[in-house]
Amino acid sequence: MQKLQSQGVHHITLVGADRQTSVDFWEGVLGMPFIFEQPNLDKASESHLYFDPGDGRLITVFTDESRSPVKRRTPTDTGCVHHIAFSVSRVTFLQAVGRLDERAIKHSGVKDRGFMDSIYFEDPLGLLIELASYRFEPPAGFSHADVLMAAHKIRVARGDYNIAEAHLADAIQALVERSRETLSENRAAKNPY
């Protein structure tokens, strides 16, 4: 059976309250440019707002002026969205706690995830948002997923609990060695991952 091969997230659509609540949060707090708006083509009473999360893909929100923001944690039952994570640069991440505090947005503080750092907070309607910052840059020609897969294999082979910085460094070295030739006869023993 042939797969329906995904090539990335096209967009994520959320159910919002009124238009201004969405614009204030998605563009005002998270800096996502509000790029266009049109009617929800499946429900004329709603508007469909489009935001660019930074990679040219889309976060969209259905809004309706008759709905008011009701902040309560969105359901986390089976099949529900637990949270949405957005990638931020290291320098932005280092400013996140202060900037959230300035806006009186309650947050988790910095969470150490081994291969990345995270901060969690809720949008105005109770959806959990994560700001995530990788602790590494992949070598040229590789993605973050390539490095994480190699680091995972190293972690498992070593019997370690979770991916740590040492696994990332060794994975990056292995990927570079595997992809780059050298004239040196003294290259260190190759890592099989």
Side-chain angles (χ1 to χ4, degrees), residues 3-12 14 26 29-33 51-59 73-74 76 78 80-103 105-123 127-193:
K3 295 178 183 177
L4 300 170
Q5 187 60 54
S6 168
Q7 292 183 269
V9 173
H10 187 281
H11 69 277
I12 295 170
L14 306 169
W26 296 100
V29 174
L30 294 181
M32 297 181 187
F51 298 89
D52 178 352
D55 61 1
R57 300 191 189 273
L58 300 167
I59 295 292
R73 178 65 172 104
T74 54
T76 56
T78 302
C80 294
V81 172
H82 184 274
H83 71 277
I84 299 177
F86 295 103
S87 181
V88 295
S89 70
R90 194 76 192 149
V91 292
T92 298
F93 187 84
L94 294 173
Q95 300 295 310
V97 167
R99 292 182 185 195
L100 290 168
D101 288 346
E102 286 172 6
R103 292 174 178 264
I105 296 174
K106 183 180 171 188
H107 58 82
S108 65
V110 175
K111 300 287 186 180
D112 176 349
R113 301 298 185 214
F115 62 93
M116 67 181 192
D117 292 306
S118 298
I119 295 175
Y120 299 87
F121 59 96
E122 292 180 3
D123 84 345
L127 175 64
L128 190 62
I129 302 293
E130 175 184 4
L131 300 181
S133 179
Y134 283 115
R135 293 183 174 176
F136 67 96
E137 288 299 321
F142 292 97
S143 68
H144 285 92
D146 295 328
V147 174
L148 290 169
M149 181 177 276
H152 167 77
K153 291 176 181 178
I154 292 168
R155 175 191 70 83
V156 170
R158 293 177 184 170
D160 295 332
Y161 183 68
N162 65 288
I163 294 174
E165 290 176 345
H167 305 121
L168 295 169
D170 292 346
I172 290 168
Q173 177 183 341
L175 291 171
V176 169
E177 287 179 354
R178 196 168 63 211
S179 68
R180 307 291 190 286
E181 292 185 37
T182 180
L183 295 175
S184 171
E185 296 177 14
N186 298 321
R187 180 178 263 179
K190 291 193 189 301
N191 186 323
Y193 305 104

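Position 1 is the first residue of the sequence; numbering continues from there.
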Engineer: Not counting sequence neighbours, which residues clear side chain to side chain donor-acceptor pair (under 3.5 Å) with Asp123? List them please.
Structural biologist: none
Engineer: Measuring from atom CG of Leu30 to atom CG of Leu131, what distance do you get when rounded to the nearest 0.5 angstrom?
Structural biologist: 6.5 Å
Engineer: What heavy-atom pair brings Val147 and Pro139 nearest, and what distance separates the two atoms?
Structural biologist: CG2-CD, 3.8 Å
Engineer: List in chain and number order the residues that pass side chain to side chain contact (heavy atoms under 4.5 Å, CB included) with His11, two or more places apart in sequence or in another chain; answer none if no residue qualifies.
Structural biologist: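 Applying side chain to side chain contact (heavy atoms under 4.5 Å, CB included) to His11 gives Thr13, Leu58, Thr60.
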Engineer: Can you run down the salt bridge (charged side-chain N to carboxylate O under 4.0 Å, His left out) pairs that involve residues 84-101, sequence neighbours left out, and say none if there aren't any?
Structural biologist: Arg90-Asp117
Engineer: Please name all residues satisfying ring pair (Phe, Tyr, Trp, His ring centres under 6.0 Å) with Tyr134, sequence neighbours left out, ordered by chain then number.
Structural biologist: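 Partners of Tyr134 under the ring pair (Phe, Tyr, Trp, His ring centres under 6.0 Å) test: Phe136, His144.
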Engineer: So, for Leu168 and Gly114, which heavy atoms are closest and what is the spacing to 0.1 Å?
Structural biologist: CD1-O, 4.3 Å
Engineer: Restricting to non-hydrogen atoms, name the atom on Thr74 and the atom on Val81 that form the minimum distance, rounded to 0.1 Å.
Structural biologist: OG1-O, 4.4 Å
Engineer: Taking side chain to side chain donor-acceptor pair (under 3.5 Å) as the definition, give me every residue that meets it alongside Thr92, ordered by chain and number, with sequence neighbours left out.
Structural biologist: Ser89
Engineer: Shortest non-hydrogen contact from Arg57 to Asp55?
Structural biologist: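 Shortest heavy-atom contact: N-OD1, 2.9 Å.
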Engineer: In Å, rounded to the nearest 0.5 Å, how long is the span from CD1 of Ile163 to CZ of Phe115?
Structural biologist: 6.0 Å
Engineer: Working to the nearest 0.5 angstrom, can you tell me the gap between Arg103 CZ and Phe121 CZ?
Structural biologist: 9.5 Å
Engineer: By side chain to side chain donor-acceptor pair (under 3.5 Å), which residues pair with Ser143, not counting sequence neighbours?
Structural biologist: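 Here the qualifying residues are Asp146.
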Engineer: Between Asp52 and Gly54, is there a donor-acceptor pair closer than 3.5 Å when you use the side chain of the first and the backbone of the second?
Structural biologist: yes
Engineer: Could you check if a side-chain atom of Val176 sits within less than 4.5 angstrom of a side-chain atom of Phe142, using non-hydrogen atoms only?
Structural biologist: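 No, every pair of side-chain atoms sits at 4.5 Å or beyond.
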Engineer: If I take atom CG from residue Leu127 and atom CD1 from residue Ile84, how far apart are they, to the nearest 0.5 angstrom?
Structural biologist: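 Leu127 CG to Ile84 CD1: 5.0 Å, rounded to 0.5 Å.
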Engineer: Quick one: list whatever passes side chain to side chain contact (heavy atoms under 4.5 Å, CB included) with Glu122, sequence neighbours left out.
Structural biologist: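 Per chain and number, Glu122 pairs via side chain to side chain contact (heavy atoms under 4.5 Å, CB included) with Lys71, Arg73, Leu128.
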Engineer: How would you list, by chain and number, every residue that makes a side chain to side chain donor-acceptor pair (under 3.5 Å) with Glu165, sequence neighbours excluded?
Structural biologist: Arg135
Engineer: Considering only NZ, NE, NH1 and NH2 on the basic side and carboxylate oxygens on the acidic side, decide whether Asp170 and Arg155 come within less than 4.0 Å.
Structural biologist: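 Answer for the salt bridge query: no.
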Engineer: List in chain and number order the residues that pass side chain to side chain contact (heavy atoms under 4.5 Å, CB included) with Ala164, two or more places apart in sequence or in another chain; answer none if no residue qualifies.
Structural biologist: His167
Engineer: Run the side chain to side chain contact (heavy atoms under 4.5 Å, CB included) test against Ala85 and tell me which residues pass, sequence neighbours left out.
Structural biologist: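 Per chain and number, Ala85 pairs via side chain to side chain contact (heavy atoms under 4.5 Å, CB included) with His83, Glu130.
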